[in-house]
Amino acid sequence: MSVDALYQLFKNQTTALDTFMGTNVLEHLQIPAVLPELHIDENRIGNLRYMGFTLFGVITLLVLVFAVWTFVHRHSRVIQFGQPRLLAIIALGVLSMSFAIVPLGFDDLSEVYSKRDGVVICMS
């Protein structure tokens, strides 16, 4: 019944007012044709960057502590079975992976950095 009333309105035929009932769906027709410019804040990190830098410091400190501990106890039986060189390589791998946290904390679209710096930050 409502489809018939809308079809008759579309064809410019008169309908009885009691057969036509508006709904909230018609509110979508009131969207303006010219919309303001859309501005999206793409900096989703906010103050979480400081937590990332803190975690980077904690990871770096722990890697250095465990590397020194492995070096000091390299003659221990347990460390010899774990192969001290392999443990040092694992520690270096964890340290190099933790360096990825640092560039993720920079906003590449910031006014502080030039366009080239933003590209370098984004690519790192």
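For the side-chain contact (heavy atoms from CB on, under 4.5 Å) criterion with Ile59, the lone passing option out of Leu95, Thr54, Ile101, Leu64 is Ile101.
Val63 and Phe53 fall within a single hydrophobic cluster, where Ile, Leu, Val, Met, Phe, Trp and Tyr are joined by side-chain heavy atoms under 4.5 Å apart, directly or via other members. In the hydrophobic clustering of this structure, Ile89 does not group with Phe71; members are Ile, Leu, Val, Met, Phe, Trp, Tyr whose side-chain heavy atoms approach within less than 4.5 Å, directly or through other members.
The hydrophobic cluster containing Leu87 also includes Trp69, Ile79, under a criterion of side-chain heavy atoms closer than 4.5 Å among ILVMFWY residues, counted directly or through chains of members.
For the side-chain hydrogen bond (donor to acceptor under 3.5 Å, both in side chains) condition, no pair includes a residue of residues 74-101, sequence neighbours left out.
Leu55 CG to Leu62 CG: the interatomic distance, rounded to the nearest 0.5 Å, is 10.5 Å.
When the shell of 6.0 Å around CZ of Phe56 is examined, it contains more than 12 heavy atoms from other residues, nucleotides or ligands.
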